[in-house]
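Order of the sequence lines fixes the chain letters, A, B, ..., with proteins taken first and strands second; residue numbering starts at 1 for each chain. Worth knowing before you read on, the calculation uses all heavy atoms, side chains too, and leaves out hydrogens, waters and symmetry mates. Computed from a predicted model, the values in this text were never measured in an experiment.
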2 protein chains.
Amino acid sequence: MAIHKLEEFGKKEQHLASFAKAMGHPARIAILKVLAQRSECVCGEIVNVIPLAQATVSQHLKALKEADLIQGTIDGPKSCYCINWKTIEKFYTEFNTLFSKLQEGKLKSCC
Amino acid sequence: MAIHKLEEFGKKEQHLASFAKAMGHPARIAILKVLAQRSECVCGEIVNVIPLAQATVSQHLKALKEADLIQGTIDGPKSCYCINWKTIEKFYTEFNTLFSKLQEGKLKSCC
DNA sequence: AATATTTATCGTAAAAATACGATAAATGAA
DNA sequence: TTCATTTATCGTATTTTTACGATAAATATT
């Protein structure tokens, strides 16, 4: 029974883990890169660039959206996605904090 | 058919995604924190700290080991885990690179 | 109005992740 | 030697992820 006992862990761990999970697929990293490169909000291009079916790409976009890493507005038949810089930076900060904390232990580490 | 088309993506994306995936669970982040805090290689303590069954913790340790984020040597009935700083730092660098690349696009971004 | 285009969602299938109890393997202690 | 301790692995169940075709919904285009 894969009862996910996530509630047992600290909020920080949960939050960071959910970010990491959202970036835990090359397609989603690739999507972020594409979105970052464009000067305007991106519509269909993503599907052409990512080597996956349109439905699958849409699913990955949904995952990124649910992690709040990107924003999307529906604009008629075309939809418009762009990076949510606020969340990206938050993630970056949280990761830096974790790494700093880990590094503290490095000094007294035996291996 | 969940054929994982990972080979279609760049090596960089794949590598970073596999790191992120390994950190995509609060238990594994918690384990890394515990390992980093200790001055000596850690044996059984982890199971006592993580609110999961021994078998499950062992599975998470295996995942971290496969991602090369930790090292483990069997030492009789006790096993000895410690952080693989080399990999942690590699991961940190790769993430920084990605964020820098993403940030480049921020300047010309519309939203 | 009819057709084409774009994208989200539905349905489905297979694989991977999550979790745990039970057990085996290895060693230390009695 | 026998028993206790520790940890990995096996077996199993459930959930989640990944992927795609088909379809629906919304809007251009003709």
Fill in: Sidechain N-carboxylate O distance under 4.0 Å for Lys33(B), Glu104(A)
no
Report the distance from atom [atom1] of [X] to atom [atom2] of [N], rounded to the nearest whole Å.
X        : N       : atom1 : atom2 : answer
Ile70(B) : dT7(D)  : CD1   : P     : 13 Å
Leu64(A) : dT7(C)  : CG    : C1'   : 16 Å
Glu45(A) : dT5(C)  : CD    : C1'   : 16 Å
Glu66(A) : dT18(D) : CD    : C1'   : 14 Å
Ile31(B) : dA19(C) : CD1   : P     : 11 Å
Leu52(A) : dA8(C)  : CG    : C1'   : 16 Å

Item to complete: Kindly indicate whether the side chain of Glu94(B), heavy atoms from C-beta on, has any atom under 4.5 Å from the side chain of His15(B).
Response: yes
Worksheet item: Any side-chain heavy-atom pair from Glu13(B) and His25(A) closer than 4.5 angstrom?
Response: no
Worksheet entry | Ring centre gap for Phe19(A) and Tyr92(A) strictly below 6.0 Å | no
Discussion item. Counting the atoms with a prime plus P, OP1 and OP2 as sugar-phosphate, which does Lys65(B) contact under 4.0 Å by heavy atoms, base, sugar-phosphate, or nothing?
Written reply: nothing
Worksheet item: Above 12 or not: heavy atoms from other molecules or residues under 6.0 Å from NZ of Lys90(A)?
Response: no
For [N], does either OP1 or OP2 sit under 4.0 Å from a side-chain N or O belonging to [X]?
X        : N       : result
Ser79(A) : dA8(C)  : yes
Tyr81(A) : dT6(C)  : no
Lys21(A) : dT17(D) : yes

Worksheet entry | Interatomic spacing from CG in Leu69(A) to CG in Asn84(A) - rounded to 0.5 Å | 7.5 Å
Item to complete: Check for a donor-acceptor pair, side chain of Arg28(A) on one end and backbone N or O of Ala22(A) on the other, with a separation under 3.5 Å.
Response: yes
Fill in: Contact list for DNA chain D against residues 55-62 of chain A - heavy-atom distance below 4.0 Å
Ala55(A), Thr56(A), Gln59(A), His60(A)
Worksheet item: Taking the side chain of His25(B) as heavy atoms from C-beta outward, which of dT7(C), dG21(D), dT18(C) is closest to it?
Response: dT18(C)
Worksheet item: On DNA chain D, nearest-nucleotide positions of Arg28(A) versus Gln54(A): which is more 5'?
Response: Arg28(A)
